[in-house]
Amino acid sequence: MTRLKKTYAIPALLIGYMLATPFALSQEARIKIDTDRTIGEVSPLIYGNFLEHLGRAVYGGVYEPDSPRADKDGFRTDVIEAAKELNVSILRYPGGNFVSNYHWKDGVGPVKDRPARMELAWSRLEDNSFGTNEFMQFVRKIGAEPYFSVNMGSGTFEEAQQWVEYTNVADGPYYAELRKKHGFKKPWNIKYWSLGNEMDGFWQIGHLNAEDYVKKAIETAKVMRLTDPSIKLIAAGSSNFRVGSDPMGWNRVVLDEMRNVIDYIAVHMYVGNPNDDYYNFVSTPNLMDQRTQQLRGLIDIAMSKATERGDRDPIYIAWDEWNVWYRARGGAKAVGIHALEEQYDLEDALVVAGFLNTFIRNADIVKIANMAQLVNVIAPIFTNDKGEMFRQTIFYPLKQYAKNAHGTALDVFVDSGTFDTEDFSAGLAESNTRQTDVPYLDVTATHEVDGTVIINVINRHKDNAIGTDIISQSGKFQGPFEVFEVNGPDIKTTNGFDGEPVKSVQKPNISVNGDRFRYAFPAHSFTQLIGRIETD
Ligand code: AHR
């Protein structure tokens with residue numbers, strides 16, 4: 001049930017007009033931008049994705065040597081082009097749950113000699129024809145930063161050390177020489193490594209309790225760093241909010257015990273709309289914000305204890321799996337070759353924009369984020385075996401942010417009407433933390449040194465446009481402002497091989513000169529405004 005609340009005070013004359021008018025009038029809002037009120041630098045690595053050996057993500061997604069679209073190395077050129085258009089900044093690999101039963105040595109060397117293995121996380125046969133070097137070739141083709149996860153389930157710390165030696169050591173030891181023998185003369189220099197995936201989860205192969213995870217992860221980190229001191233390490237945090245679990249208890253132990261070792265703590269979040277409650281669903285990014293604040297507190301507490309981090313940065317948060325995922329989450333749709341093939345609609349795209357706004361609003365501490373995933377498996381890019389490809393609805397907000405929302409995140413003032421829902425209202429929250437009604441407009445802004453300002457606005461109102469005054473408090477807006485809008489005929493509209501009705505569309509520029517302008521944000525839309533602020 002959704003309770004729609006407070007709108008602006010409406011003069012009596014207008015009320016008379018409204019009563020006589022069969023259609024809804026726009027609501028009103030204000031956004032104030034102040035370039036002096038800064039939050040932190042937006043890390044380009046928050047615009048990442050994820051590639052797991054699962055369903056048709058690797059085979060039939062990025063890699064399909066028999067496809068009419070394959071390049072000479074077997075990679076799909078249409079997927080490469082779409083990933084470049086998406087501006088993928090960092091790509092996580094090879095899992096996910098998959099990594100906890102993956103032995104990297106199975107996936108290197110001559111393909112004919114690679115063993116096929118039972119893959120237990122997603123019940124598949126893994127032929128290992130795609131492995132470390134194929135992934136690195138792909139990641140170089142799309143121009144992204146690689147991010148590897150090591151096997152903390154069935155794997156050993158020695159195996160993790162040898163992987164770093166294989167990928168990052170130029171020459172000398174056995175595994176560096178082996179890479180050269182495999183045809184890759186130069187090291188790949190992989191900087192980002194996570195110490196396992198969701199090791200707190202009972203579903204994870206080799207699942208551990210927090211104390212055992214910490215013990216194993218510290219030893220693994222030690223030998224990986226001895227091999228290459230320049231790597232950045234990401235600990236597996238907990239995102240298991242099921243009844244009876246204690247995710248923040250796990251995170252506290254990891255942060256306290258590993259505070260001298262890690263650079264990031266990883267957390268995951270998937271949301272859905274199983275009860276078809278639009279307002280509740282589009283509010284779910286608030287939950288991510290809440291969990292970010294909880295983690296921020298735990299990081300602060302850990303960092304307040306004696307640390308020996310030298311000149312390393314403080315610990316940051318990596319939301320290294322996030323997305324909408326619920327239709328293909330259990331039963332037949334979660335296994336086999338077509339596992340996790342969600343088809344996304346417009347409301348999902350609005351939720352994705354909401355997650356991206358959450359990262360920007362927490363730009364000082366969220367420094368890595370990976371939409372899960374990249375292609376076919378809960379993904380923004382979708383292919384078939386006829387060589388066709390389309391961009392799902394969720395592709396477009398991510399593309400807009402990744403392309404444009406850079407610089408310093410600003411602390412924006414927003415005054416719009418609010419609503420409350422089953423899970424999001426004053427006083428209601430999963431963990432008794434403070435919770436407020438949800439504003440219709442979800443707004444962030446970033447500011448670049450050259451004066452460019454980027455304003456990201458989600459209008460969550462299902463039916464009404466919201467006429468908004470946008471006010472600069474620290475200088476004059478200089479026109480023109482470019483306008484990009486992601487919208488569609490209906491919140492349930494999806495894209496497909498036959499067309500993409502939900503996409504980003506460039507609207508006519510707004511000419512602005514002064515400290516304010518007005519714009520009406522259409523119902524159920526994401527809008528990005530790009531212009532300049534002249535400060536003295
Ligand atoms: O992205 C799909 C799965 O979701 C990943 O394998 C796992 O880490 C998470 O539970």
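Ligands are counted one by one from 1 in listed order, and the atoms in each one are counted from 1 as well. Note that these values count all heavy atoms, side chains included, but never hydrogens, waters or copies made by symmetry.
The aromatic rings of Tyr192 and Tyr147 stand perpendicular to each other, their planes meeting at an angle above 60°, with 30° marking the opposite boundary. The aromatic rings of Phe130 and Tyr59 sit perpendicular to each other, their planes meeting at more than 60°, with 30° as the lower class boundary. Using the six-membered ring where Trp is involved, Phe135 and Phe148 have ring planes that are perpendicular, over 60° apart on the 30 and 60° scheme. Using the six-membered ring where Trp is involved, Trp322 and Phe355 have ring planes that are perpendicular, over 60° apart on the 30 and 60° scheme.
Atom 10 (O) of ligand 1 has as its closest protein heavy atom Glu198 OE1, 2.9 Å. Shortest contact from atom 6 (O) of ligand 1 to any protein heavy atom: Glu52 OE1, 2.7 Å. At the shortest separation from atom 9 (C) of ligand 1 among protein heavy atoms lies Glu321 OE1, 3.0 Å.
Judged by the 6.0 Å distance and 45° axis criteria, Arg460 is not positioned over the aromatic ring of Phe281. Remark: Arg124 fails to qualify as a cation-pi partner of Trp122 under the 6.0 Å distance and 45° angle criteria applied to the six-membered ring.
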Could you please spell out the steps behind the side-chain hydrogen bond (donor to acceptor under 3.5 Å, both in side chains) verdict for Gln162 and Trp104? CA-CA 9 Å; Gln162 291 164 347; Trp104 68 268; 5.2 Å; no
Carefully, step by step, assess Gln293 and Arg296 under the rule side-chain hydrogen bond (donor to acceptor under 3.5 Å, both in side chains). CA-CA 5 Å; Gln293 305 321 332; Arg296 179 192 287 279; 3.0 Å; yes
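Residue Gln373 approaches ligand 1 through these ligand atoms, each under 4.0 Å from one of its heavy atoms: 1 (O), 2 (C). Within ligand 1, the atoms closer than 4.0 Å to a non-hydrogen atom of Phe50 are 1 (O), numbered from 1 in the order shown. For ligand 1, the atoms closer than 4.0 angstrom to any heavy atom of Tyr270 are 1 (O), 2 (C), 4 (O). For ligand 1, the atoms lying closer than 4.0 Å to a non-hydrogen atom of Ile378 are 1 (O).
Proximity of Asn197 to ligand 1, defined as any heavy-atom pair under 4.0 Å, is confined to the side chain (atoms from C-beta onward). Only side-chain heavy atoms of Trp122 come within less than 4.0 Å of ligand 1; its backbone N, CA, C and O stay farther off.
An N or O contact shorter than 3.5 Å is missing between Trp325 and ligand 1 by distance.
By the 4.0 Å heavy-atom criterion, Val377 is excluded from the residues contacting ligand 1.
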